[in-house]
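These values consider heavy atoms only, across backbone and side chains, with no hydrogens, waters or symmetry-generated copies.
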Amino acid sequence: MVSTTPATRTPAASDPGPLRPPWSARALIGAGLLVAAVAVTWLTFWWIGLSPASLAAGLDDTVRLLRRMWPPDLPGAGDIASMIAETLLIAVAGTGLAALASVPLAFVAARTHNGPRWLRPPARVVVVLTRAVPTLAFAILFVRIFGLGPLAGSLAVAVHSVGMIAKLLTDAVEETDPAPAEAVRACGAGEAQVAVSTVLPRVFPALTGIVLYRLDINIRASAVLGVVGAGGIGVALQTALGSLNYHRAAGIICVIVVLVLLLELLSVVVRRTILRPTARRRTVRGRTARRRTDALPAGRAPYEVGWDRGRVLRVTGAVAAGVVFLVSLWSLDPDPGRLAGAWPNLRAVLSGMWPPAFSGELLMAVLESLLMALGAAAAGAACGLVLALLTAVNTTPWRPLSAVVRVLLVVVRGVPDLVYALLFVAALGLGPYAGFLALWISSTALAAKFFADSLEQLDPLPHEALTSVGARRWQAFAAGIWPQFVPSFTGNGLFVADLALRESVVLGIAGAGGVGYLMQESIATLRYDTTAAIVIAIAVVVYAIETLARIARGHLL
């Protein structure tokens, strides 16, 4: 039965107005980071006096310097080979020593370690401190202790690398399946036996990847350690710039760029060859073997694991790496008399570091490094975003332009930051202006690389759906790409800021502003209490920025 009673009209509800998404914690943090980046960039520009007029004047000075450097003058082939070999051996020796020291340190620092608990906090402090202090800062100290040469450079590379290798290896150890370790421990094995028999084989692929990645970084670092007398091709670069031989300096910079690019290519090939998983294995006799995923046969009969191509490559690579590492150690000339002679220097440095001498000048220098880094990272992220949009295959307006920009970014990233700083100091004079420009260029190239990789990994379906219904290019980007890209943009931007902060500390060594010049001066004048204060300030600032970045990533990603 249908009711004929008219429906009662309810009072009209108040108009809720246009619907808006609520402000979430993620949106507030993102907006806060954006406002902070703009504010820091403006403060940095004001601090160093950066303006369009100063940029134009600086560009003219830089162009005049580049004209004075042309044509590049290359050293003799023998000299080039000797300098490159010394640079590579410094990196290999330092990376190998760091890997040997990082393995026990990572096991002790891991939360899954069942040994003495009191060892874990000191191990974690060592990991944090060695990662926070830049390689070049360690090189200055070790040159004072051990004298000029590759020994100081290798030790600097080794100490700084311990922080990164041990940190990443600790994470890998904590993520391993605990069941095999518990089973071996239940049979009465000690902690060292558990680590060697169950955990270390499982984290070995991760350790190999970490060490190769670190070697790539250390080769770049070793190319400039000679600026402070720690050996390598940087000695020749510093000598050429110091004697105003710009043609020779340009030739050495070209050698460094080619060397870094070739080693980056070699590193990629080696990582793909060693770490590539194989579903099927081919034996050395040409037979294809099924992957052994079944349980081992029962009884005491020996189990023949066989030799396949992957096993042969891994064993051969391990033997070759061991031989190269021993040769690199021998090249350092570890004379016992020389090492014993360094003891008085080490004792003088350590005894002179206490108590640390903090001062207003030191705090202002740290603030200058901080502003240079954060301002350059913010400006570099903005410029890197534009270059990434031109480079990524799903956003570039023209494929040939993408290839040109990608090659340009690879070349720009191949030049170490300190080399840019040396060039800008030679062209523009001493001060933070040169350091900011050096960091700006390197941050732009690094951010563009990260952003382009992230853009190409996005889900293409939203963008394709929008373009198929007639959306314009900017509309499809704003609604189909940008919302997916924001987390990667934020995370990679914070990582670029973290790297820029570490690099800004050492640019002062070349006279490009910041706390680096103060550190080098304090060591040269034997004021080790000031050196200790600088090291503490650097570690605190780097750790604070790293912690803030980690918290922001946790809320945004």
Side-chain angles (χ1 to χ4, degrees), residues 87 89-102 105 125-167 214-215 217-232 234-235 238 328 332 334 339 342-343 345-350 352-353 356 366 369 416-418 499 501-510 514-524 526-528 530-543 546:
T87 302
L89 291 174
I90 289 174
V92 171
T95 308
L97 291 173
L100 292 177
S102 298
L105 191 63
V125 169
V126 170
V127 171
V128 170
L129 287 180
T130 53
R131 192 171 71 251
V133 181
T135 306
L136 214 58
F138 281 123
I140 297 173
L141 280 172
F142 288 135
V143 164
R144 186 67 190 177
I145 296 172
F146 296 99
L148 300 173
L151 178 61
S154 296
L155 293 177
V157 168
V159 174
H160 181 66
S161 301
V162 165
M164 175 184 167
I165 297 176
K167 169 68 172 58
R214 187 65 219 184
L215 177 62
I217 297 174
N218 287 341
I219 289 173
R220 298 169 185 264
S222 302
V224 296
L225 287 179
V227 173
V228 295
V235 176
Q238 178 67 5
S328 67
L332 299 180
L339 295 177
W343 171 246
N345 298 332
L346 177 62
R347 188 173 53 188
V349 170
L350 294 178
M353 283 185 166
V366 173
S369 293
D417 296 344
L418 197 61
L499 293 179
L501 180 59
R502 298 170 195 271
E503 292 299 322
S504 69
V505 172
V506 301
L507 294 186
I509 295 170
V515 75
Y517 177 75
L518 198 60
M519 182 175 185
Q520 189 177 28
E521 186 183 36
S522 67
I523 294 178
L526 307 183
R527 290 187 290 117
Y528 298 125
T530 302
T531 306
I534 293 173
V535 171
I536 293 173
I538 291 172
V540 170
V541 171
V542 170
Y543 186 69
E546 186 177 314

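- Looking only at side-chain heavy atoms (C-beta outward), Leu225 and Val157 come within less than 4.5 Å of each other.
- Two residues are said to be in side-chain contact when any heavy atoms from C-beta on lie closer than 4.5 Å; Pro150 and Leu89 fail this criterion.
- Between Ile217 and Met164, some side-chain heavy-atom pair lies under the 4.5 Å cut-off.
- Between Pro134 and Ile538 there is a side-chain heavy-atom pair separated by less than 4.5 Å.
- Counting only heavy atoms from C-beta outward, the side chains of Val162 and Val127 never approach each other to under 4.5 Å.
- Applying the side-chain contact (heavy atoms from CB on, under 4.5 Å) test to Leu526 and every residue at least two apart in sequence or in another chain returns Arg144, Tyr528.
- In this structure the side chain of Leu141 reaches within 4.5 angstrom of the side chain of Met353, judged on heavy atoms.
- With hydrogens and angles disregarded, a donor-acceptor distance shorter than 3.5 Å links the side chain of Ser522 to the backbone of Met519.
- Contact between Val515 and Ile534 at its shortest, heavy atoms only, is CG2-CG2, 3.7 Å.
- Residues satisfying the side chain to side chain donor-acceptor pair (under 3.5 Å) test with Thr87, not counting sequence neighbours, are none.
- The shortest distance between side-chain heavy atoms of Ile219 and Leu215 falls below 4.5 Å.
- Residue pairs satisfying the side chain to side chain donor-acceptor pair (under 3.5 Å) criterion with at least one member in residues 145-160, sequence neighbours excluded, are absent.
- Between Phe142 and Phe138, the ring-plane angle classifies as parallel under the 30° and 60° cut-offs.
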Worksheet item: Passes side-chain hydrogen bond (donor to acceptor under 3.5 Å, both in side chains), Ser161 versus Arg214? Steps please.
Response: CA-CA 7 Å; Ser161 301; Arg214 187 65 219 184; 3.2 Å; yes

